[in-house]
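A short write-up of the structure that comes next.
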Amino acid sequence: MKLYPEYKGLNLPEIDKEVMKNWEAHQVFEKSVDQRPDDKRWVFYEGPPSANGMPGIHHVMSRAIKDLFCRYHTLKGYRVERKGGWDTHGLPIELSVEKELGITKDDIGKTISIEDYNARCKETVMRFKAEWDDITRKMGYWVDLHNPYITYENEYIESVWFLLEKLHDKGLLYKGYTIQPYSPAAGTGLSSHELNMPGAYKEVKDTTVVALFKVTRSENAAFLFDSDDEDVRIAAWTTTPWTLPSNTALSAGPEINYVKIKTTNPYTQTPVSVVMAKDLVSSWFGAKNQPAVESESSAFKGKELKGLRYEPLLDFGNPIESLLGGTDAYVVLTGDHVTTSDGTGIVHTAPSFGADDQRVAKANGVGTLTLVDQSGKFKDNVGPFSGRFVKDYKDEAEYAPVDIDIAILLKTEGKALNVQKYEHNYPHCWRTDKPVLYYPMDSWFVKTTAVKERMIELNKTINWKPAHTGEKRFGNWLENLQDWNLSRSRFWGVPLPIWRTEDGEEERCIGSIHELTQAIDEANEALGIKQYVPGDLHRPFIDDIVLVSSDGRPMKRETDLIDVWFDSGSMPYAQWHYPFENADVFKKNYPADFIAEGVDQTRGWFFTLHAISTMVFDSVAYKNVVSNGLVLDKNGQKMSKRLGNAADPFKTIEKYGADATRWYMLSNAQPWDNLKFDEEGIVESTRKLFSTLYNTYSFFALYANLDAWRAGDAQAPKVSDRPEIDRWILSRLHTLISEYRSDMDDFDVTTSCRRIEQFVNDHLSNWYVRLNRRRFWKGELSDDKRAAYATLYECLLTLSQLISPVAPFFSDWMFQNLTGAEDHHKESVHLSDLPQPNDSFIDKALTRRMDYAQQISSLILSIRKKEKLRVRLPLRRILLPVLNDQFQTDVENVKNLILSEVNVKDIEYITDTTGIVSKKAKPNFKTLGKRLGKHMKTAAGLIQGMGQEAIAAFEKSGSFAIEIDGENVSLDREDIEVISEDIPGWQVASEDGITVALDISLDDALISEGLARELVNRIQNLRKSSGLEVTDRISVTVEPVEGIEKAISGFGDYIKTETLADALKTGSVSPEHKIDWLEGEEIGIQLN
RNA sequence: AGUCUCGUAGCUCAGUUGGUUAGAGCGCUACACUGAUAAUGUAGAGGUCGGCAGUUCAAAUCUGCCCGAGACUACCA
């Protein structure tokens, strides 16, 4: 039986399936968690995905990141539990249900009951759960899907209520009347998170109007009037003409300079005087198609305009609505929000439809007009515009923009100075794509501003990857924090557990089912009704519950739901149903050591976790956070179903395997940079890493099986007794382990991956294995061979561990192959312990020596190439100028490697190089630059111009004097580097200060040996092509072309040993056995 | 509009505290090597380090402005 399985080829997708079977059969994931101690935890929080859409390739990216750091810490011995979760509430689900049922928000509660509607939502939300579970398995993401937290479950909701009650108790929950972004099409207010969804702000072309507000004569307005009948008007620009009927004030900047322009109204051709900011006059006057400035008054400050009265612009006889008691209207105010960057320096103020407007109106006792209803239509008291949608909210076939009709009316009445189209950014509802209105709404808020400073402070203790996302992006967001608008006027979500009396005087926040039960009992008794705690805490059941106030009045629930982001931000507590159950479990798992999501979650989940944790527990919720960038297509375009450039994660994994996909995604670029996803890159990862490792393993397995060599071989020499090259690769390996650990501890997986690739390709495969091949296949199981096996085995086994976080399948496959024959083998690499670097194996001098060997070999090969001397042709000697003793000692240690690599007989050192080697002097800019400053250039010229004698003298004395600006400067050894450049009369190559020469003279012996090697090569090729086993013995007949007789007589034994030939003779060979020989000739070789 | 990140070879990316011939891999061309080979070696082509100015003896690296990309923030009417 073979100790190490051998394979016909590498098939990564097949390996995935095999390994997955093993994991499931032996419950490897569960064991990998359970075998680690309870008191050494590394806590991970899973950001819950929503299963109402298909998983995309970007999910593979973010989940690969989560998975790999969890696996890495598991390997390090931590207990890393990963409780899965599902995000189940929210507007996207409601909207998709509305769409399927062909209903709108208005129909809910009318044509369909809330109960049926919510039942439908609950059904829809897990629609793609099977696909999600499937991709989770196939990509190798280890997460506990058997006991996930689900945000719609009563237990989860109860925990959320607990948190809300805490906030309520701390006075951090309040009801306010504010101007909120509102989507008439979706029928709901939008949170700032939603407004910040990608693509919410769109470039739109709107009709803009500079409206003219007629100033009423009064004592303090007198300075504006040159005569009694002068028509003085204040110009205000707006991009939302539909708000003009609701205008109740104008705002000016107190310190801005204004002027009055006499001109002619361009639409009515009547004389008019226009007031606007001085700096903006040129924007509206004087150019082509603009009215001319007939005269300009001297400038006056905005504060002089304060308190002036004007006539309503469009008066439909509506009474002014009170705002905090204020009912004043049609008055000029001043405010700092007014600027002169565009418009006229006067802001049209409609307090119902703008946050700034409302603020300044409130402060000045000005009332408001709300002439638009919640469906986005004018109310029926707006004259000719009554009942019309202010924007095209219903996709009406013949929608006529009301803005244009308002503009026309203003033009004809002489109330417009300018009407034009204007392109600007305006927020849109992220689901309906319709423009948002700013609308006065009753809302519940979380007073996050009250804990702003603490949140900033705590944020500084969080380790963000990359750092700037935390410091800048998240930090700036916290600096400008607004209160969190918590209310959602929807149906499918966590109900706000607040009951109020009708007048709002008394309110009660319920924090648990137990508390609700008591409150219901009280109410039942006081009000003489019969009601029970509903079995489902959702609407509509909870809506029916009536509680009782302290003075015996009924209290009804506030009908709002809460923002779904509060749901997911509650997961550290609610996933355990804390504090009602699992208080101990919660304590052990809070806060998290690690979370990871896309950078788009900065203001989403990252924020809500942080906010709730700060407010309720005065702690961070997570200590380390990795935020990854977007996954774009290979041209850097955003992936979208519409463009058809979205990569299908199922197909990708099916074709290339999960490991190559994961490895590519993480090694190609830092995860926080955007990834330009290109399948070619996966192919490259497969070739560079997985194929190479596979080949290296296959090589090992082939010979280890032949020799029946077992891992743990007690007779293998100690590392310190192994050959130089074994100690070298082990030194490299342990350096790699050490660097790997520090990179991974710093969450820098990309650097880790790249280091591993370099080790596998450059050091292990292309140097160690290549140079050591014959040690593995030649002769009996000697000590040297044992050393080679043990060394290569350790490299492969360690690599299987190092790559296992990123490539969980292939690594396990290789690990199983390597350890399957061991008596106490582990069921998986994921149950093993990550090795510690052994410092005694790390030898810097050895690394340096090997670098010399590689460099010298490379130089010799380039000379051979230039001289057209095949490597099989042995050459006599290498000449190597030695500039210091250390160099010679180093090279001497690796001499045999060099000689066999380049097929040369000997190295000769030239120690007294004077007169033989021509040299060059190089200035050391680093040391000299600081000392010489601006004389550096002159000095550099002098040093580079040093002749051979000057260099020789410098080498002897160690100092070189130059004269700069009449001053003598003495340079020493550290200032000038001497390198060898050429050896006149020899074939040389030189690089980085090392020069080598090659003796290319030949004699008969060398030529014969070269031919013998050629012959070995041809015979080996024939063996392989004729399908002989590596152990089969043969006899050979060779056609005696020129030189062959001599080669066989001189090197017959060598040829026979190399090719496992019992007999070797010359003789005639039939034509079908002819093969290519040197320089276009042919030779006949026959094997028997 | 503001803030942040970024711009290096055809492509994907490295490039330490500024130091003088700017690197790697892929791809391309040619020639080799190969009893692990969808691998490898050697050589070649390919760069005004986004642009302009400045600081400095010295700038891919530091500063300013501009151009371009992306993300975030924003109802400045």
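Reckoned from all heavy atoms, side chains included, excluding hydrogens, waters and symmetry mates. The sequence lines fix the lettering, A, B, ..., with proteins before strands; numbering per chain opens at 1.
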Does OP1 or OP2 of rU42(B) have a side-chain N or O of Ser858(A) closer than 4.0 Å?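 Answer is yes, contact under 4.0 Å.
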So does Lys676(A) get a side-chain nitrogen or oxygen closer than 4.0 Å to the phosphate oxygens (OP1/OP2) of rC11(B)?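 Result: no.
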Which nucleotide, in any strand shown, forms a Watson-Crick or G-U wobble pair with [N], with both distances under 3.5 Å?
N	result
rC11(B)	rG25(B)
rG47(B)	none
rU17(B)	none
rU3(B)	rA71(B)
rG64(B)	rC52(B)
rA59(B)	none
rC33(B)	none
rA38(B)	none

Worksheet item: On RNA chain B, nearest-nucleotide positions of Ser667(A) versus Arg1013(A): which is more 5'?
Response: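 Here Ser667(A) is the residue nearer the 5' end.
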Hey, which of these two, Ile346(A) or Phe699(A), hits RNA chain B nearer its 5' end, going by closest nucleotide?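 Result of the comparison: Phe699(A).
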Proximal nucleotide (of [options]) relative to the [X] side chain:
X	options	answer
Met936(A)	rA36(B), rC72(B), rU20(B)	rU20(B)
Asn695(A)	rU37(B), rU40(B), rU20(B)	rU37(B)
Asn668(A)	rA36(B), rG19(B), rC13(B)	rC13(B)
Phe925(A)	rA36(B), rA71(B), rU20(B)	rU20(B)
Arg773(A)	rA71(B), rU37(B), rC4(B)	rU37(B)
His468(A)	rU5(B), rU40(B), rU20(B)	rU5(B)
Lys472(A)	rG19(B), rU40(B), rU5(B)	rU5(B)
Arg687(A)	rG70(B), rA38(B), rU12(B)	rA38(B)
Glu684(A)	rG70(B), rC26(B), rG19(B)	rC26(B)

For a quick check under 3.5 Å, do [X] and [Y] share a side-chain donor-acceptor pair by atom type?
X	Y	result
Asp975(A)	Thr927(A)	yes
Tyr7(A)	Asn817(A)	yes
Asp707(A)	Tyr789(A)	yes

Nearest-Å distance, [atom1] ([X]) to [atom2] ([N])?
X	N	atom1	atom2	answer
Lys465(A)	rU5(B)	NZ	C1'	16 Å
Glu901(A)	rU40(B)	CD	C1'	10 Å
Ile682(A)	rG25(B)	CD1	C1'	17 Å
Tyr664(A)	rU12(B)	OH	C1'	8 Å
Gln854(A)	rU40(B)	CD	C1'	13 Å
Trp477(A)	rG2(B)	CH2	P	20 Å
His763(A)	rU40(B)	NE2	P	15 Å
Leu693(A)	rU37(B)	CG	P	16 Å

Could you tell me whether [X] contacts a base, only the sugar-phosphate backbone, or nothing, with contacts defined as non-hydrogen atoms closer than 4.0 Å?
X	result
Ala669(A)	sugar-phosphate
Ser698(A)	nothing
Asn766(A)	sugar-phosphate
Leu630(A)	sugar-phosphate
Ser251(A)	nothing
Asn1017(A)	sugar-phosphate
Gly354(A)	base

- Item | Polar pair under 3.5 Å, donor/acceptor by atom type, side chain Ser765(A), base rA36(B) |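 Per atom types, the contact qualifies.
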Exercise. Is there a donor on the side chain of Lys926(A) or the base of rU17(B) sitting less than 3.5 Å from an acceptor on the other?
Worked result: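 Between rU17(B) and Lys926(A), which were checked side chain against base, a qualifying N/O pair under 3.5 Å is present.
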Provide the distance between the two [atom1] atoms, one in [N] and one in [M], to the nearest whole Å.
N	M	atom1	result
rG47(B)	rC31(B)	P	24 Å
rG50(B)	rG68(B)	C1'	7 Å
rU12(B)	rU55(B)	P	36 Å
rA59(B)	rU21(B)	P	13 Å
rG10(B)	rU48(B)	P	8 Å
rG18(B)	rC57(B)	P	15 Å

Calculate, to the nearest 0.5 Å, the distance between atoms CG and CD1 belonging to Leu764(A) and Ile756(A) respectively.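 Rounded to the nearest 0.5 Å, the CG-CD1 separation comes to 12.5 Å.
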How many angstroms lie between atom CD of Gln854(A) and atom CD1 of Ile898(A), to the nearest 0.5 angstrom?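 Interatomic distance, Gln854(A) CD to Ile898(A) CD1, rounded to 0.5 Å: 10.0 Å.
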Would you please classify the geometry between the Trp284(A) ring and the Trp237(A) ring as parallel, tilted or perpendicular, with 30° and 60° separating the classes?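 Ring orientation, 0 to 90° scale: tilted.
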For the pair Tyr697(A) and Phe700(A), name the ring-plane relationship: parallel under 30°, tilted 30 to 60°, perpendicular over 60°.
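If you compare the ring of Tyr697(A) with that of Phe700(A), the planes turn out tilted.
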Does the gap between the ring centers of Tyr694(A) and Phe690(A) come in under 6.0 Å?
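Ring-ring flag for Tyr694(A)/Phe690(A): false, centres at least 6.0 Å apart.
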Using ring centroids (six-membered ring only for Trp), state whether Trp464(A) and Phe606(A) fall under 6.0 Å.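 Close enough - the centres of the two rings lie under 6.0 Å apart.
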